[in-house]
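Note that the structure is predicted; figures quoted are calculated from it, not measured.
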Amino acid sequence: MGDINIKYPDASAKKWPTGVTGNEIAYAISPKLAKKALAVQVNGKLLGLTEPLSEDAEIKIITFDDPEGKDVFWHSSAHLMAQALKRIYPGIRLGIGPPVADGFYYDIELDHVITPEEFGTVEDEMRKIVSQDFPVVRHNLTADEAVRFFAEKDELLKIELINDISGTGEQITTYSQGEFTDLCRGPHIISTSVLGENFKLLSVAGAYWRGDEKNKMLQRIYGTNYPDKNQLQEHLTRIEEAKKRDHRKLGRELDLFSISDEIGSGLILWHPKGAMIRHLIESYWKEQHIQNGYQLVSTPHTAKIDLWHTSGHTGFYQDNMFSPMNVDEVEYQLKPMNCPFHMMIYKSHLHSYRDLPIRYAELGTVYRYERSGVLHGLMRVRGFTQDDAHIYCHPDQLTDEIINVLDLNKKILSRFGFSEYDVYLSTRPEKYVGTDENWDHATKALQKALELKAIRYTIDPGEGVFYGPKIDIKIKDVLGRSWQCSTIQVDFNLPERFDLSYIDQDGIKYRPITIHRALMGSLERFFGILIEHYAGNFPYWLAPEQARVLPLTDRNLDYAGSILQALRAKGIRAEIDKRNEKIGFKIREAEVAKVPVMLIVGDSEQKAEKISVRIKGQGDKGQLTRIELFALLDDLGVKF
RNA sequence: GCCACCGUAGCUCAGUCGGUAGAGCAACUGAUUCGUAAUCAGUAGGUCGGCGGUUCGAAUCCGCCUGGUGGCUCCA
């Protein structure tokens, strides 16, 4: 047997006999590493630690700290859970059990409905399997062998999977641990003891077999697992924290908005405080857009159905639209998008190349039919306001315009405390309109803009919309969760359908390039994200009530009233708590209502013509004069 | 829409085996005029999501509907 040359991540290399395993190499590097090792990456391919290596390779030992390691760990955890489930529930059939973002799930078919109360039993069995320390063994099978094997176990869903795999010509493999064998590509951990005991089953929900609603509904059990107990605890704490910040809960507690079934699902009532925040967001948005060369437009909520035939929405978007209504024998369609209206504004007169770029912006409220099961607080609704804009430009202007949008987007999002993003560039899908040249030009323009701005991005091949390539931006909130808000899409479809044009220098009509973009996406959803991001503690500039005056006794009401007047005269959103209550109670109520500034006035302040300032979450700041108070408030306004 | 679970006062929730409903907070009234996260007392508030069934009797058991929650699918 010859030697093979193994190159390590630090670029050093070592000769190993052919057939060496990742496990052996890891041990040689350090026993500590070997203990943490879950898999090995060989020339970019992930392998199990016991698989023999037979050729020169660059390798990397994968641990839980690597994303691939998490996948392996959770994938194996899914197998562990499946084995336990099979022991407990006879007649169970397994679907698929992959790793996901924060853990794993397994889809199962079982007549008995599993409830969360049964999780403990399953976890106990999982613990048992871990302590039994079964080695995890990989086998190569032919399709026939695999079908026969799983048919014997009545694993009919697995047979469906095997038939699909054998169509691709890929090697069929199974992984066994103890009495349990699962169809799986792998890789997996070496033995069940590696999985430890810091796992937890989290929820059970329905899921269609292979995600297709024509198929039967399986039960999906979600769980998670961490090598370290503290990591599990952190994860569970994160879930708790997210629950505490739930915008539906805070929305009710802070009296921001409500949803009433007497009005209809997915339709939002903005209460005064929520509406104030919305007003502040909208004002800022409009100001920024005007400063950046946009023109504000405003369009109706409904239009004759012919407009939607022209735009094509009655075709490709029908499933998401409210049913049309009949007005004087003519069908009208509630708008699911603003685009056709903006196209019509563009079309309302002739355009010269000198006019371009033209940027129309609108906070346009649209209505979309969403299936009842997907509605979720403010995040998924049936009526919402898009911060929409359409830019019409010359092909040469495309890159500059994208850059302009990226800059504006960054500015607006950072104003709301979002500074981390994941950026995706989606390219041409299989079904598309427009010419290949146009797609190439536009895709390159998007790419160039991203590169000029030095923005790191991931390409989503084939994930573009049928009408053009797009950039999607996902923001990260304080809990590290991603939310897709901003989207910048090139549209080859609507300019064509609406026959848009401009006259170029040569006197000939050309079609303008259209960019469709939204930065916050939907005001409702963005507001929901903001609530959770800030946990309801809106920064001073967004707080619906910025300051509350708290008179100590009725003797101080007049003085307190004069402070209130002075604050309001300065444009500060202030209220007064005139109730005959103890100061501690008033403070508590103001704290709970998350009012940033409390202004306490009693006899002592009144006499000295001062105000005691208390900042939410910080406490007493001492007595200030009016001038000092306004300076402090200005400072808060600048900071946020 | 589909699967599972849930719906009791404005909010959070209790209600045993089927015997006609309860707490805290909030609201209202009164007393208290108080110094940095809950003053005390009293009053009022419910067709137990809706409709139907079983039963002498239903918040409780069954069915249907409706709304919500967690997912599937889709997306802003």
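Between A/R548 and B/rU36 there is no side-chain N or O to OP1 or OP2 distance below 4.0 Å. Note on A/R252: every side-chain N or O is 4.0 Å or more away from OP1 and OP2 of B/rG10. An OP1 or OP2 oxygen of B/rC72 is reached within less than 4.0 angstrom by a side-chain nitrogen or oxygen of A/Y222. Distances shorter than 4.0 Å separate some side-chain N or O of A/S265 from OP1 or OP2 on B/rG68. Within the structure, every side-chain polar atom (N or O) of A/H376 is placed at least 4.0 Å from both OP1 and OP2 of B/rG68. The phosphate of B/rC34 has neither OP1 nor OP2 within less than 4.0 Å of any side-chain N or O from A/T553. Residue A/R555 places at least one side-chain N or O under 4.0 Å from the OP1 or OP2 atom of B/rC34.
By the criterion of a centre-to-centre distance under 5.5 Å and near-parallel planes under 30°, the ring of A/F384 forms a stack with the base of B/rA76.
If you check every strand for non-hydrogen atoms under 4.0 Å, A/E589 touches nothing. Across all strands, A/L552 comes closer than 4.0 Å to base atoms (heavy-atom distances). Residue A/G373 is classed as a base contact, given a heavy-atom separation below 4.0 Å to a base. Using a 4.0 Å heavy-atom criterion, one finds that A/S604 contacts the bases of the nucleic acid, with or without backbone contacts as well. When heavy atoms are screened at a 4.0 angstrom cut-off, A/D319 is found touching no nucleic acid atom at all. At a threshold of 4.0 angstrom between heavy atoms, the contacts of A/G602 include nucleobase atoms, whether or not backbone atoms are also involved. Nucleic acid contact for A/E605: base, since at least one base atom lies under 4.0 Å from a heavy atom of the residue. Across all strands, A/R614 comes closer than 4.0 Å to base atoms (heavy-atom distances). Using a 4.0 Å heavy-atom distance criterion, A/E591 is classed as a base contact. Residue A/V366 is out of contact with every strand shown, counting any heavy-atom pair closer than 4.0 Å. Note on A/I259: nothing from the nucleic acid sits closer than 4.0 angstrom, heavy atoms only.
Ring to ring, A/H75 and A/F104 are not that close: their centroids are 6.0 angstrom or more apart. You'll find the ring centres of A/W483 and A/F526 outside the 6.0 Å limit. Between A/Y360 and A/Y294, the ring center distance fails the sub-6.0 Å criterion. Aromatic rings of A/Y106 and A/W74 (six-membered ring for Trp) have centroids beyond the 6.0 Å cut-off, not under it.
B/rA59 sits 14 Å from B/rA9 when the P atoms are compared, rounded to a whole Å. Across B/rC28 and B/rG67, the matching P atoms stand 33 Å from one another, rounded to whole Å. Comparing the C1' positions of B/rC75 and B/rG1 gives an interatomic distance of 16 Å, to the nearest angstrom. Only the P atoms considered, B/rU8 is 15 Å distant from B/rU16, to the nearest whole Å. For the P atoms, the distance from B/rA37 to B/rU69 is 36 Å, rounded to whole Å. Distance noted for atom C1' between B/rG52 and B/rA58: 13 Å (whole Å). The same atom, C1', is picked in B/rG45 and in B/rA23; the two are 14 Å apart, to the nearest Å. Separating the C1' atom of B/rG7 from that of B/rG49 is a span of 6 Å, rounded to the nearest Å.
Of the candidates B/rA37, B/rG35, B/rC72, B/rA37 carries the atom nearest the A/I587 side chain, counting heavy atoms from C-beta on. Closest to the side chain of A/K582, from the set B/rU69, B/rA76, B/rU39, is B/rU39. If you check B/rG35, B/rA27, B/rA37 against the side chain of A/R579, the one that comes closest is B/rA27. Comparing B/rA27, B/rA76, B/rG71 by their closest approach to the side chain of A/R368 singles out B/rA76. Picking from B/rU36, B/rA37, B/rU73 the nucleotide with the shortest atom distance to the side chain of A/V374 gives B/rU73. Side chain of A/A205, nearest nucleotide from B/rG70, B/rU73, B/rC72: B/rG70.
Residue side chain A/R588 reaches the base of B/rA38 through a donor-acceptor N/O pair under 3.5 Å, judged by distance alone. Donor-acceptor pairing under 3.5 Å, judged by distance alone, is present between the side chain of A/R380 and the base of B/rC74. Below the 3.5 angstrom threshold, one finds a donor paired with an acceptor across the side chain of A/E370 and the base of B/rA76. One can find a donor-acceptor pair under 3.5 Å joining the base of B/rU33 and the side-chain atoms of A/D554. The base of B/rG71 is not paired with the side chain of A/Y208 by any donor and acceptor separated by under 3.5 Å. Not a single donor-acceptor pair, N or O on each side, falls under 3.5 Å between the base of B/rG67 and the side chain of A/E262.
Checked by atom type, the side-chain pair A/T487/A/D472 shows a donor-acceptor distance below 3.5 Å.
For the pair A/R525 and A/F384, the NZ or CZ position fails the cation-pi test of under 6.0 Å to the six-membered ring centre and within 45 degrees of the ring normal.
The side chain to side chain contact (heavy atoms under 4.5 Å, CB included) test with A/R614 is passed by exactly one of A/E591, A/R548, A/K621: A/E591. Exactly one of A/K249, A/R248, A/K243 qualifies for a side chain to side chain donor-acceptor pair (under 3.5 Å) with A/D246. That residue is A/R248.
Straight-line distance from the CZ atom of A/R371 to the P atom of B/rC75: 11 Å, rounded to whole Å. Remark: P of B/rC25 and CZ of A/F585 are 10 Å apart, rounded to the nearest angstrom.
Partner assigned to B/rU43 is B/rA27, using Watson-Crick or G-U wobble distances below 3.5 angstrom. In this structure, B/rA38 makes no Watson-Crick or G-U wobble pair, since no nucleotide meets both defining distances under 3.5 angstrom.
Each of A/Q489 and A/R248 was matched to the nucleotide of RNA chain B holding its nearest heavy atom; the match closer to the 5' end belongs to A/R248. Two residues, A/G521 and A/V113, neighbour RNA chain B, and the one matched to the more 5' nucleotide by heavy-atom proximity is A/V113.
Look at A/E628 and A/K610 and you find no salt bridge, because none of the NZ, NE, NH1 or NH2 atoms lies under 4.0 Å from a carboxylate O.
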